[in-house]
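Heads up: the structure comes next, in structure tokens.
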Amino acid sequence: MIKITFPDGSDRSYEAGVTGMDIAQSISHGLAKKAIAIKVNGQVWDLTRPVNEDATVQILTWEDKEGKSTFWHSSAHLMAEAIEALYPGTKFGIGPPIDQGFYYDIDPGDRMIGAEDLPRIEKKMQELAQHKSAYIRKEMSKSDAVAYFRDKGDEYKLDLLEDLEDGKITFYEQGRFTDLCRGPHIPNTEIIKAIKLTNVSGAYWRGDEHNKQLTRIYGITFPKQKELDEYIQMLEEAKKRDHRKLGKELEIFTFDDDVGPGLPLWLPNGAFLIEQLEWFAKKTEEEMGYLRVRTPHIAKESLYLTSGHLPYYKESMFPPMELEGTTYYLKAMNCPHHHKIFAASPRSYKDLPMRLAEYGTCYRYEKSGELFGLMRVRSLQMNDAHIYCTKDQFESEFKRVNELYLRYFEVFGIEKYVMRFSTHEPSKLGKKYVDNPELWAETEDMVRRVLIHSGIPYEEVPDEAAFYGPKIDIQIWSAIGREFTLATNQVDFAQPLRFNLTYTTSQNEQLHPIVIHRAPLSTHERFIGFLLEHYAGKFPMWLAPKQCAILPIADRHIPFAESVVKQLKAAGIRCQLDDRSESIGRKIRDAETGKIPYMLIIGDKEQEAGQVAVRKQGEGDQGSMEVMAFARQIGQLVEDMR
RNA sequence: GCCAGUGUAGCUCAGCUGGUAGAGCAGCUGAUUUGUAAUCAGCUGGUCGGGGGUUCGAGUCCCUCCACUGGCUCCA
């Protein structure tokens with residue numbers, strides 16, 4: 001007998017060799033029906049695999065994250081079975097579960113598989129699922145495994161096998177499909193009830209663009225049709241939040257073929273948002289001791305050779321231009337210009353920390369396929385600043401920058417983000433990273449200390465640092481689930497050396513400062529794209545381009561409405577009179593869809609009482625009040641939200 | 001840049017297997033003067049993304065370029 005301990009701490013005895021399914025059955029029939037896999041001492045196993053020793057277990061169902069992964073992983077196998085049945089000779093790469101569903105990378109040979117094939121594959125999957133095929137785990141020797149795939153002619157699986165150790169190789173078989181797979185899997189295909197193949201795209205083998213491109217098919221499955229319907233519903237809701245859609249509807253920005261891809265044109269509402277954000281950032285930065293500077297949009301090649309950017313990022317910069325025998329580049333980053341400002345005069349330790357800030361406009365050649373609305377563009381304006389400080393000042397300065405981030409996030413109500421700490425990979429020193437192991441170690445330790453002291457949760461990702469130093473990124477997700485770096489905070493010990501930036505210490509020595517690059521509000525482009533989705537177009541009062549619509553019911557109310565506009569404008573409220581000869585219902589509707597936060601309705605009653613009827617966007621009638629009382633209320637809202 | 005898909009009026013979209021473009025909204029004009037999410041009528045508007053080809057004839061078929069969308073790769 002063996003002792004099985006459950007998550008609640010209770011335990012029971014079972015015969016050695018008991019399976020997850022047996023255990024689930026012994027608890028309840030309902031659980032057995034819902035069971036997908038079992039977690040044994042922290043590892044996820046098949047329900048059919050025997051447990052031979054004492055263990056702590058947890059039955060996994062669809063409600064568990066690992067349950068979903070297992071379900072989707074098995075669904076990927078089911079899709080592969082369908083593809084092999086429909087398109088014999090297809091070779092298979094990898095087919096893992098992802099956050100929302102799964103994919104399988106396949107090589108269909110000379111045949112093309114496109115969007116029009118998806119319904120066919122889907123139908124086949126549904127048919128195969130009903131066969132209730134069991135997922136059967138088989139341990140294989142490496143030589144047998146190699147022989148199997150050599151016989152099948154699948155070079156991708158052979159490539160994968162090369163990295164695997166003999167004795168640890170398992171195959172899974174369901175129906176007529178056998179795959180090299182670590183598992184685990186669901187007991188059988190029948191529990192896959194709802195299937196949707198969502199997308200087909202290209203994906204490089206092993207993620208390397210020098211390798212062959214395979215066809216990647218994405219899909220998602222559920223144990224119930226209702227859940228699939230809800231998922232599709234959710235996707236449609238997300239699309240409504242998409243900043244590209246909202247940006248068009250609310251007249252924030254546009255693109256034009258003649259201007260060029262990735263070069264947004266800011267419409268008046270968008271320009272207003274930019275100016276509000278700049279005003280807010282400049283005020284905040286001034287309070288925190290930043291000095292504003294301004295620099296040109298281009299510079300000579302030599303500047304980027306000095307900074308070291310050119311060899312690393314030439315491919316991502318706009319091509320050079322020749323002028324009077326000299327090569328110039330559009331600037332892709334502000335730091336070299338700022339370093340030259342630091343270098344413009346001799347600096348003393350008394351000048352440090354020196355914080356130079358600029359909403360600098362940059363141009364980057366993002367490859368055509370990478371452009372995405374406002375989130376990835378070719379012209380961008382960064383909320384940039386460079387802090388020059390001594391080593392002793394570094395920790396407190398870095399900490400202050402992090403505090404600034406958190407302050408901004410609070411103002412904008414940003415809650416869903418991940419802080420990512422990127423460090424270097426020692427074997428790539430001199431290639432991807434500047435060759436200075438001591439400074440890498442020292443600065444990474446300093447950053448880690450700040451993060452731990454601040455109590456900010458973060459995840460550390462090796463080999464993702466900038467070439468000049470470690471960095472912190474704030475990751476966010478767009479409405480349709482794509483991940484972006486919103487803000488970044490980077491350490492740079494390399495450029496001060498390259499530019500020979502120095503300051504005089506109290507001992508009259510010359511030392512190099514450390515530089516912190518920071519952009520807590522990202523770029524205008526990305527930040528406004530993000531805010532559009534974050535607020536679903538309903539900007540808080542202080543940001544809303546139009547705060548209030550004045551809606552007279554009939555033409556005879558226009559003179560009074562005009563006097564209301566005058567009073568509100570004098571009180572600093574952004575309002576707009578709708579004097580069209582339309583019904584009040586229509587005027588309300590247009591203001592509602594325009595996401596204007598307040599509507600003031602003016603008819604006979606209001607005119608007589610000298611009041612306005614207040615309607616709140618999305619909420620409806622709020623009753624009547626004096627104009628100036630309303631103005632004070634809005635003024636208060638603006639104050640509160642700053 | 002790569003793979004797949006899309007591109008018809010300012011916007012959202014029809015247009016079957018090739019037979020010389022259509023709706024709703026927006027816009028303009030007029031009527032209407034309205035009480036909390038679309039008042040009515042008339043009119044204007046498109047070398048069907050650009051270029052080339054096949055054909056008696058191309059929005060529709062082919063080639064090519066451009067842009068956009070979903071991914072891959074990249075992201076100082």
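To find a chain, count down the sequence lines: A is the first, B the second, and so on, and within it residues start at 1.
Not a single donor-acceptor pair, N or O on each side, falls under 3.5 Å between the base of B:G1 and the side chain of A:Y365. For B:G35, its base sits under 3.5 Å from the side chain of A:E606 at one donor and acceptor pair at least. Taking only distance into account, the side chain of A:E370 never meets the base of B:C75 through a donor-acceptor pair shorter than 3.5 Å. With hydrogens and angles left out, the side chain of A:R206 and the base of B:C72 share no donor-acceptor pair within 3.5 Å. Taking only distance into account, the side chain of A:R364 never meets the base of B:C75 through a donor-acceptor pair shorter than 3.5 Å.
When heavy atoms are screened at a 4.0 angstrom cut-off, A:Y313 is found touching base atoms of the nucleic acid. Counting any heavy atom pair closer than 4.0 Å across all strands shown, A:Y468 reaches sugar-phosphate atoms only and no base atom. Nucleic acid contact class of A:F484 (heavy atoms, under 4.0 Å, all strands): none. When heavy atoms are screened at a 4.0 angstrom cut-off, A:Y103 is found touching no nucleic acid atom at all. Within 4.0 Å (heavy atoms only), A:A554 reaches at least one base atom of the nucleic acid. Looking at heavy-atom distances under 4.0 Å, A:A591 makes no contact with the nucleic acid at all. Residue A:K605 is classed as a base contact, given a heavy-atom separation below 4.0 Å to a base. Residue contacts for A:R556: at a heavy-atom cut-off of 4.0 Å it reaches the sugar-phosphate backbone alone, with no base atom in range. A:R244 comes within 4.0 angstrom of the backbone, heavy atoms only, and of no base. When heavy atoms are screened at a 4.0 angstrom cut-off, A:R216 is found touching the sugar-phosphate backbone but no base atom. Within the 4.0 angstrom heavy-atom criterion, base atoms lie near A:S316.
Rounded to whole angstrom, the span from the CE atom of A:M333 across to the P atom of B:C75 amounts to 13 Å. The interatomic distance linking A:Y204 (OH) with B:A4 (P) rounds to 11 Å, in whole Å.
Taking the six-membered ring for Trp and thresholds of 30 and 60 degrees, A:Y313 and A:H309 have ring planes inclined between 30 and 60 degrees apart. Relative ring orientation between A:Y329 and A:Y304 is described as perpendicular, the plane-to-plane angle rising above 60° on a 0-90° scale split at 30° and 60°.
For the P atom pair drawn from B:U60 and B:U55, the interatomic distance equals 16 Å after rounding to whole Å.
A:Y231 and A:F222 have their aromatic ring centers within a separation under 6.0 angstrom. Ring centroids of A:H524 and A:Y359 are separated by less than 6.0 Å, placing the two rings close together. Taking the six-membered ring where the residue is Trp, the centroids of A:Y363 and A:Y365 are separated by 6.0 Å or more.
In this structure, A:R294 contributes its side chain and A:G360 its backbone to no donor-acceptor pair below 3.5 Å. With hydrogens and angles ignored, the 3.5 Å screen pairs a side-chain donor or acceptor of A:E606 with a backbone N or O of A:G603.
Summary of the strand contacts: A:D257 and A:D590 both lie near RNA chain B, and taking for each the nucleotide with the nearest heavy atom, the more 5' one is attributed to A:D590. Mapping A:L214 and A:Y218 onto RNA chain B via the closest heavy atom, the residue that lands nearer the 5' end is A:L214.
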Write down the protein N/O and nucleotide N/O pairs, taken from nucleotides 39-41 of chain B, whose separation is under 3.5 Å; answer none if there are no such pairs.
unit_1: B:U39; atom_1: OP1; unit_2: A:E582; atom_2: OE1; d: 3.2
unit_1: B:U39; atom_1: OP2; unit_2: A:S583; atom_2: OG; d: 2.5
unit_1: B:U39; atom_1: O4; unit_2: A:S581; atom_2: O; d: 3.4

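Taking side-chain N and O atoms only, A:R482 has a distance below 4.0 Å to OP1 or OP2 of B:G71. For A:K248 and B:U12, the shortest distance from a side-chain N or O to OP1 or OP2 is below 4.0 Å.
Checked against side chain to side chain contact (heavy atoms under 4.5 Å, CB included), A:P96 has the following partners two or more places apart in sequence or in another chain: A:I94, A:Y103.
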